[in-house]
Amino acid sequence: QVQLVESGGGLVPTGGSLRLSCAASGRIFSNYDMGWFRQAPGKEREFVAYINWIGIIRDYVDSVKDRFTISRDNANNTVYLQMNSLKPEDTAVYYCAADARSRSGIRRQSATYDYWGQGTQVTVSS
């Protein structure tokens, strides 16, 4: 089992930046592919970004490409989401998630992930 704790959320103006962190503890972090999802009020949870266990494969939802960057530091058991040029529509609770079985073919589905953090709120003011 792995425990995930997100941090770094907050309130920023349109065009601002934030870096989210997700610290993992428990099992060997480098065994897990990692994803970021978000959920806005009244909406379903949405895939945002993915990185495989070694950091070679990355994937993004179209709406954040060229603005968000996912990365990981396996030595420090942390995955990051650098968010630039933020827009009001990026406002949501952001969750990190871990996939223990490397199911990269279905990496955009929330059901693929075995462990979830508690989420961190990101609010972008217009």
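Keep in mind it's a predicted model, so treat the numbers as computed, not measured. Quick note: numbers below take in every heavy atom, side chains included, and nothing from hydrogens, waters or symmetry partners. One is the number of the first residue; the rest follow in order along the sequence.
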One pair to check against side chain to side chain contact (heavy atoms under 4.5 Å, CB included): S104 and N52. What are the steps and the verdict? CA-CA 8 Å; S104 62; N52 77 328; 5.9 Å; no
Here the gap from S63 atom OG to K87 atom NZ, rounded to the nearest 0.5 Å, amounts to 8.0 Å
Is there a path of hydrophobic side-chain contacts, each under 4.5 Å between heavy atoms of I/L/V/M/F/W/Y residues, joining W36 to I106? no
Can you name the nearest heavy-atom pair linking A40 to A92, along with the distance? N-CB, 3.8 Å
For a 4.5 angstrom cut-off between non-hydrogen side-chain atoms, does S25 reach N77? no
Which pair of heavy atoms, one from Y113 and one from M34, lies closest together, and at what distance? CE2-C, 4.1 Å
Cation-pi check, R19 onto Y80 ring (under 6.0 Å, within 45° of axis): yes
Of all heavy-atom pairs linking Y95 and G117, the shortest is CD2-O, 3.6 Å
With a 4.0 Å cut-off, would you call D62 and K65 a salt bridge? yes
Value rounded to 0.5 Å, distance of CD in Q121 from OG1 in T91: 7.5 Å
Calculate, to the nearest 0.5 Å, the distance between atoms CG and CG belonging to D99 and D114 respectively. 5.5 Å
Over all heavy atoms of both residues, which pair between S30 and R72 is shortest? Give the atoms and the distance, please. CA-NH2, 4.1 Å
If every non-hydrogen atom of S17 is compared with every non-hydrogen atom of Q82, which pair is closest and at what distance? CB-NE2, 4.1 Å
CZ/R38 to CZ/R45 distance, rounded to the nearest 0.5 angstrom? 13.0 Å
Establish whether Y50 and I54 are linked, either directly or via other cluster members, by ILVMFWY side-chain heavy-atom contacts under 4.5 Å. yes
Rounded to the nearest 0.5 Å, the SG atom of C22 sits from the OH atom of Y94 at a distance of 14.5 Å
N/O donor-acceptor pair under 3.5 Å between R58 side chain and I70 backbone: yes
Can you confirm whether E46 sits close enough to V61 that some side-chain heavy atom of one is under 4.5 Å from a side-chain heavy atom of the other? yes
Shared ILVMFWY cluster between I57 and F68, side chains joined below 4.5 angstrom? yes
Identified side chain to side chain contact (heavy atoms under 4.5 Å, CB included) partner of M83 from the options T69, V48, V124, L20: L20
Please check: side-chain N/O of R108 versus main-chain N/O of Y60, any donor-acceptor pairing under 3.5 Å? yes
I need the I51 CD1 to D59 CG distance, nearest 0.5 Å. 11.0 Å
Under a 3.5 Å distance rule, please check whether E6 uses its side chain to pair with a backbone N or O of Q118 as donor and acceptor. yes
I28 atom CD1, over 12 foreign heavy atoms within 6.0 Å: no
Give me the atom names and distance for the closest heavy-atom approach of A98 to Y32. CB-CD2, 3.9 Å
Where the side chain of N74 meets the backbone of W53, is there a donor-acceptor pair that is under 3.5 Å apart? yes
